[in-house]
J.: 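One structure, as structure tokens, below. Some questions next.
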Amino acid sequence: MSEQLLRCTCYRLRRAARIVTQGYDAALAGAGLTATQFALLAELSRAEAVPVSVLARKLGTDRTTMTRTLRPLLREKLVAPEKTSDRRVHAVSMTPQGFARYGAAARLWRETEAEMARGLGAGRLEELYGLLENVEGVMLSARRSEDQAPAVRAAPRA
């Protein structure tokens, strides 16, 4: 069984993701951000105000996890809540302090990205991006198929 685990796509991707995240977290610590917070600020840097549910979807997480990720950024005033026309929709935007922190972190991120490109080679890095997009597509397609499949009822217990 342990040999099968080593050949499991999910296991290998999660292990690689944890190791890569640890490296980016270490690099971004100099700016006081984690890799997840940096990615969130990168998304916010592209728009004025973004609903929390949209941020969660873009970063591939759920709304509850996104809310937890936002808490320290709100506390540090790197992001601010925004009013929307629909009171049920919670949105956030990046503050001037957030843009400043993001700028400082972007330099550290670029250095880490350059290390990754040197280590893998630019061509292999682009190949990796393509493979990861394919992996995401396969799983999203499988999930959509499951969502459209008829529900199966469990047999009653005797």
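Small disclaimer: the values here were computed from a predicted structure and weren't measured.
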J.: Treating Ile, Leu, Val, Met, Phe, Trp and Tyr as nodes and any side-chain heavy-atom pair under 4.5 angstrom as an edge, say whether Leu128 and Met139 lie in one connected cluster.
T.: no
J.: I'd like to check Leu73 versus Leu44 (side-chain heavy atoms, cut-off strictly below 4.5 Å). Are they in contact?
T.: no
J.: Which heavy atom in Ala35 sits nearest to a heavy atom in Leu28, and how many Å separate them?
T.: CA-CD1, 3.6 Å
J.: To the nearest 0.5 Å, what is the distance between CG on Leu55 and OG1 on Thr61?
T.: 11.0 Å
J.: Looking only at heavy atoms, what is the nearest atom pair of Tyr102 and Leu41, with distance?
T.: CD1-CB, 3.9 Å
J.: Flag the pair Glu43 / Val50 as yes when at least one side-chain heavy-atom distance between them is below 4.5 Å, and no otherwise.
T.: no
J.: Taking the side chain from Thr67 and the backbone from Arg63, do they hold a donor-acceptor pair closer than 3.5 Å?
T.: yes
J.: Quick one, Arg15 with Arg12, criterion side-chain contact (heavy atoms from CB on, under 4.5 Å). Give me CA distance, side-chain angles, the key distance, then yes/no.
T.: CA-CA 5 Å; Arg15 183 173 185 269; Arg12 297 296 299 265; 5.5 Å; no
J.: List the atom pairs, donor and acceptor, that lie under 3.5 Å between side-chain atoms in residues 110-120 and the rest of the protein, sequence neighbours left out.
T.:
unit_1	atom_1	unit_2	atom_2	d
Glu111	OE2	Arg107	NH1	3.4
Thr112	OG1	Leu108	O	3.0
Glu113	OE1	Tyr129	OH	3.3
Glu113	OE2	Tyr24	OH	2.3

J.: Counting only heavy atoms not in Arg18, do more than 12 sit closer than 6.0 Å to its CZ atom?
T.: yes
J.: Identify the heavy atoms of Asp62 and Thr65 that sit nearest to each other, and give their distance.
T.: OD1-N, 2.8 Å
J.: Taking Glu126 for the side chain and Gly123 for the main chain, is one N or O donor matched with an acceptor at less than 3.5 Å?
T.: no
J.: If hydrophobic clusters are built from ILVMFWY residues whose side chains come within less than 4.5 Å, do Val20 and Leu125 share one?
T.: yes
J.: Can any side-chain N or O of Ser45 pair as donor or acceptor with the backbone N or O of Ala42 at less than 3.5 Å?
T.: yes
J.: With sequence neighbours excluded, what pairs up with Glu127 under the salt bridge (charged side-chain N to carboxylate O under 4.0 Å, His left out) test?
T.: none
J.: Checking Asp25 side chain against Thr34 main chain: does a donor-acceptor pair fall under 3.5 Å?
T.: no
J.: Show me, pair by pair, the donor-acceptor contacts under 3.5 angstrom made by side chains of residues 88-100, not counting sequence neighbours?
T.:
unit_1	atom_1	unit_2	atom_2	d
Arg88	NE	Asp86	OD1	3.0
Arg88	NH2	Asp86	OD2	2.9
Ser93	OG	Glu82	OE2	2.5
Thr95	OG1	Lys77	O	2.5
Thr95	OG1	Leu78	O	3.1
Thr95	OG1	Gln97	N	3.4
Thr95	OG1	Gln97	OE1	3.4
Thr95	OG1	Gly98	N	3.1

J.: How far apart are the closest heavy atoms of Pro81 and Leu74, and which atoms are they?
T.: CD-CD2, 3.7 Å
